[in-house]
Number of protein chains: 2
Amino acid sequence: MEPDERRDLAAMLYPLVRALIEVEMPVLATQDVSMWGYSVLAALDRTPIRTQAALAEAIGADKTRIIGTLDALQEAGLISRTPDPDDRRARLLAITDEGRRVRRSVTADIRAREERLLATLPAADRRGFLRALTALSALPPGELEEIAAGPVSGSPRSPA
Amino acid sequence: MEPDERRDLAAMLYPLVRALIEVEMPVLATQDVSMWGYSVLAALDRTPIRTQAALAEAIGADKTRIIGTLDALQEAGLISRTPDPDDRRARLLAITDEGRRVRRSVTADIRAREERLLATLPAADRRGFLRALTALSALPPGELEEIAAGPVSGSPRSPA
DNA sequence: TATTGTTATACTCTATAACTATA
DNA sequence: TATAGTTATAGAGTATAACAATA
């Protein structure tokens, strides 16, 4: 048996995500939200956030990059963005009822499409795939790279 | 039990590929090849290809996009690019011995890093993950999108 | 006329730096 | 002075169109 006759993970995963994004696009279009807009709605549906920078970090984006997205979402009434009375520099971010409705609708549609895909896999592989994916994506930022880099020699504490 | 309490596949996979690419970058740098350069070497190591357009298609790129990559690879002596005597428009593409060496070296290093990552997963999940990933990435282009879109009503043949 | 490879152009996405308003 | 948000600028990556050589 040659168990290692496989392509690199990135080589397999890269086209896969591109295809999955293609799948999501028409769903997002029906509700007039962008990919990042949907990502913001999903994050705020889990919990409100106190600053835009924290939100950007939470969804793996840049604080300058999500501003247009937030403008559009607010304009569409899907999120609220109110200055914090205690610190008027910050903007308190929360999802609205309408935003929640849009988010739930999009998620349900995407989930249905994903399930059709996953249904083509053997049950055991499907379970393992989802469990592995959940575990890997739950790693804190940078942790995956560190594990891949391997164990370091020398004392791990007090570098200077 | 609520088996569906998970995030969207793309939401989990997107940061994962970004992290995996981060992992590959330093490895590629040691051999002075780009991501697309490595992709080309991997494709040509499987089989020589008769035209640049076919190569581009094989690695999911655009024929105009890989030209600079091919220039660099040829310049570095990692591939050969000779006009086809039978059709002087076409360029016969093949990997060189040196290209093969570079490719093998990069793959071995990347594989070692990936294995450290996969070692953090339970064996059953790891197997399922790799099997599912292999199956999904083996789908012909566009097939995944079609499966996700679901069954169509109406006669599937002779659309016009 | 059609095709292969190439070059030129534009468009999208992202990253960096500079600016404002609050603290 | 430091921080949250914003705007402006530039860079990378990608897609589209036009072009030269060959068939």
Side-chain angles (χ1 to χ4, degrees), chain A residues 10-11 14-15 17-22 24-25 28-29 33-40 43-44 48-75 79-94 141-142, chain B residues 10-11 14-15 17-22 24-25 28-29 33-40 43-44 48-75 79-94 141-142:
Chain A
Y14 190 82
V17 280
R18 295 238 299 201
L20 286 171
I21 288 176
E22 281 302 305
E24 292 199 2
M25 282 308 205
L28 295 167
V33 283
S34 68
M35 186 86 53
W36 286 111
Y38 174 55
S39 179
V40 166
L44 291 181
I49 299 185
R50 213 186 65 83
T51 75
Q52 295 182 183
L55 171 63
E57 160 127 34
I59 64 176
D62 189 283
K63 67 169 179 171
T64 68
R65 239 167 59 198
I66 62 170
I67 291 180
T69 302
L70 295 178
D71 290 345
L73 289 173
Q74 185 178 23
E75 171 82 14
I79 65 167
S80 63
R81 183 157 58 153
T82 58
D84 183 346
D86 294 354
D87 181 347
R88 301 228 311 281
R89 293 173 304 181
R91 305 268 182 278
L92 301 174
L93 301 168
Chain B
Y14 190 82
V17 279
R18 295 237 300 200
L20 286 171
I21 288 176
E22 282 301 307
E24 293 199 1
M25 282 310 204
L28 295 167
V33 282
S34 68
M35 187 86 53
W36 285 112
Y38 174 55
S39 179
V40 166
L44 291 181
I49 300 185
R50 214 186 64 84
T51 74
Q52 296 182 181
L55 170 63
E57 159 126 36
I59 64 176
D62 189 281
K63 67 169 180 171
T64 68
R65 238 167 63 198
I66 62 170
I67 292 180
T69 302
L70 295 178
D71 290 345
L73 289 173
Q74 185 178 22
E75 170 82 15
I79 66 166
S80 64
R81 182 157 59 153
T82 58
D84 183 347
D86 294 353
D87 180 348
R88 300 228 311 281
R89 293 173 303 181
R91 305 269 181 278
L92 301 174
L93 301 168

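Every chain is numbered from 1 and lettered A, B, ... according to where its sequence line falls, protein lines coming before strand lines.
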Please give me the minimum heavy-atom distance between B:G37 and B:L73, naming the atom from each residue. O-CD1, 3.8 Å

Spacing between A:M35 atom CE and C:dT12 atom P, to the nearest angstrom: 15 Å

N or O in side chain of A:R65 less than 4.0 angstrom from C:dA15 OP1/OP2: yes

I'd like to compare against my own output: the B/S/- annotation of nucleotides 3-8 of chain C with a strict under-4.0 Å heavy-atom distance to protein. BSBBB-

Rounded distance in Å - CD1 (A:I66) to P (C:dT14): 13 Å

What is the distance from atom CD1 of B:I79 to atom CG of B:L93, rounded to the nearest 0.5 Å? 6.0 Å

Figure out the CG/P separation between B:D62 and C:dA10, and round it to whole Å. 18 Å

Taking all heavy atoms of B:P83 and all of B:R91, pick out the closest pair and write down the distance. CB-NH1, 4.2 Å

Would you call A:R89-A:D84 a salt bridge at under 4.0 Å N-O? no

Taking heavy atoms of chain A and a 4.0 Å limit, find me the 5'-most and 3'-most nucleotide of DNA chain D within that range. D:dA2 to D:dT14

Could you go through the side chain to side chain contact (heavy atoms under 4.5 Å, CB included) check for A:Q52 and A:R81 one step at a time? CA-CA 9 Å; A:Q52 295 182 183; A:R81 183 157 58 153; 3.0 Å; yes

Using 0.5 Å steps for rounding, measure from the CD1 atom of B:I66 to the CD atom of B:E57. 11.0 Å

Output all residues satisfying side chain to side chain contact (heavy atoms under 4.5 Å, CB included) with B:S34, sequence neighbours left out; order by chain, then residue number. B:W36, B:T69

5' precedence on DNA chain C between A:D86 and A:A61 (nearest-nucleotide basis): A:A61

What one should report as the nearest heavy-atom pair of A:Y14 and B:V17 is N-CG1, 3.9 Å

